[in-house]
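Any value given below was found using the heavy atoms of this structure, including those in side chains, with hydrogens, waters and symmetry copies removed. Naming convention: chains lettered A, B, ... in sequence-line order (proteins, then strands); numbering from 1 in each chain.
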Protein chains: 2
Amino acid sequence: MSKPTARERILAAAVGQIAREGIDGVRIARIAMEARVSSALVHYHFETRDALLAEALDYSYQRAGEARIAGEDERPGASHADRLQSMIDGSLPTTPGLTEDWVLWVELWLRAARHPDLRPVAEELYARMHAWFRDAIAAGVKDGEFNRCDPDEVADRTLALIDGYGIRTLIGDGAIPLERARSAVARALAQDLGLGETLQAGEPARNAARAASRPVRTAPSM
Amino acid sequence: MSKPTARERILAAAVGQIAREGIDGVRIARIAMEARVSSALVHYHFETRDALLAEALDYSYQRAGEARIAGEDERPGASHADRLQSMIDGSLPTTPGLTEDWVLWVELWLRAARHPDLRPVAEELYARMHAWFRDAIAAGVKDGEFNRCDPDEVADRTLALIDGYGIRTLIGDGAIPLERARSAVARALAQDLGLGETLQAGEPARNAARAASRPVRTAPSM
DNA sequence: ACGCAAACTGATCACAAAGTCAGGATGGTT
DNA sequence: AACCATCCTGACTTTGTGATCAGTTTGCGT
């Protein structure tokens, strides 16, 4: 991967521009400039503007989803709680790269809301994330690290919280700082799983009976 | 309001088109057609396309936020839990009108993420929603209907859940049906407030001491 | 060295869409 | 009736941009 081909440069420029300017803001002349090629070459490699955008989005979604999951998937010594925490971190807009992914993700939401034919794309991405969380939670339950619960439901709720808090931080760190979003999601998940206040320093529940006798916390902390 | 002026028809057409086609998809020729005026008149009433769009969005956001809050605000006999529940219903895309509002809302997210100067607009809308939930929760706590908790934090979490589940249903009823989203948000909130499984048939906590000795539920229901 | 296909370019076309302008209709005031 | 301001229109100009095309360069197989 030392010398990216012109085609790859075009694709990369397209992805960057979609994130920065939005799908509708993409201009092939600008892509050409950014990739240091003539705009005619863009049309040589990609039939039409829409085809280029479709391929760029597909490429980006695929890459983002895989990187997120692959990165956190096979970690030998980590506890289930640790894996969940780092997956949450990798799912919130914690880095510039992830923020870019988020913007594309929101763009997909919007288009899917308007064009039903895009919904399968969005649903598949959701399904992948859901499956990851569901399996991680189920595994933790099976190993006695977490309380008994419905992994599907907890996974859904966690995804919703990630999306909700993620959006909020994306819009402006003023409203909800990233760190607060992180801990809020983690704490809610820890609560669902019967851990303490946090995923990281999780005092494992070991058995549901003990958890069942623990008093409910009166306030979600201050 | 029997005879909407041409200016109003133009504005209404703009709002509708933004929701249907997206901000970038708006064509003033089409707006003119829809409002049964010439496209020159659009430019007569609105300096420029951007000015029209800005006014249309502002109008729509203002209206949506106010309608949502005003509708659920002053209800005489309702319990705090009931008011929360109906506010949740009014905040999820439960009707075609609300779905349209949602699409505009997501569009604002996207733009605010890219253009920091739009963030105050988004943050103000969030602040309004947050304040409503915070106050409603605090009032319920004060009256002993809910458990003691940090209203600010519970409000934030509720908003995050609304956004997260709302998006999910917006994208396709296939993934998460609206009804499941509704109950999921309500159940999570009920849990935070120390109620039973649901907001509607809430068994009031009355005092925090009793709530503190209640066992944590082992599973978020099936 | 030759030939040939793939990669690439500058110039240009075609068209959609925002914005302008000169003037016509309408309704109110004196 | 005469006047004027507001509302409104059809026709036109301008611009930005996606797409095309004729032709040039590059690299590779024989």
d([atom1], [X]; [atom2], [N]) in whole Å:
{"X": "Glu8(B)", "N": "dC7(D)", "atom1": "CD", "atom2": "P", "answer": "12 Å"}
{"X": "His43(B)", "N": "dA11(D)", "atom1": "NE2", "atom2": "C1'", "answer": "15 Å"}
{"X": "Arg9(B)", "N": "dC7(D)", "atom1": "CZ", "atom2": "P", "answer": "13 Å"}
{"X": "Tyr44(B)", "N": "dA25(C)", "atom1": "OH", "atom2": "P", "answer": "17 Å"}
{"X": "Ile31(A)", "N": "dC8(C)", "atom1": "CD1", "atom2": "P", "answer": "16 Å"}
{"X": "Ile28(B)", "N": "dA17(C)", "atom1": "CD1", "atom2": "C1'", "answer": "7 Å"}
{"X": "Asp24(B)", "N": "dG18(D)", "atom1": "CG", "atom2": "C1'", "answer": "16 Å"}
{"X": "Glu47(A)", "N": "dG18(D)", "atom1": "CD", "atom2": "C1'", "answer": "13 Å"}

Comparing Ala6(B) and Ser39(B) on DNA chain D - which has the more 5′ nearest nucleotide: Ala6(B)

Sugar-phosphate, base or nothing in reach of Val26(B), heavy atoms under 4.0 Å: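 Sugar-phosphate, backbone atoms only, no base.
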
Sugar-phosphate, base or nothing in reach of Leu41(A), heavy atoms under 4.0 Å: base

N/O (side chain, Thr48(A)) to phosphate O (OP1/OP2, dA19(D)) under 4.0 Å: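 Yes, Thr48(A) has a side-chain N/O under 4.0 Å of OP1/OP2 on dA19(D).
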
Residue-phosphate contact under 4.0 Å: Arg27(A) side-chain N/O, dG18(D) OP1/OP2: yes

Parallel, tilted or perpendicular: ring planes of Phe146(A) versus His80(A), cut at 30 and 60 degrees: perpendicular

Any ion pair linking [Y] and [X] (charged N to carboxylate O, less than 4.0 Å)?
{"X": "Glu124(B)", "Y": "Arg128(B)", "result": "yes"}
{"X": "Arg157(B)", "Y": "Asp192(B)", "result": "yes"}
{"X": "Asp135(A)", "Y": "Lys142(A)", "result": "no"}

Pairwise 5' ranking along DNA chain C for Ala29(B) and Val37(A), keeping only the more 5' one: Val37(A)

Ser38(A), nearest nucleotide to its side chain (from dC8(D), dT20(D), dC8(C)): dC8(C)

Any donor-acceptor pair under 3.5 Å from Tyr61(A) side chain to Leu104(A) backbone: yes

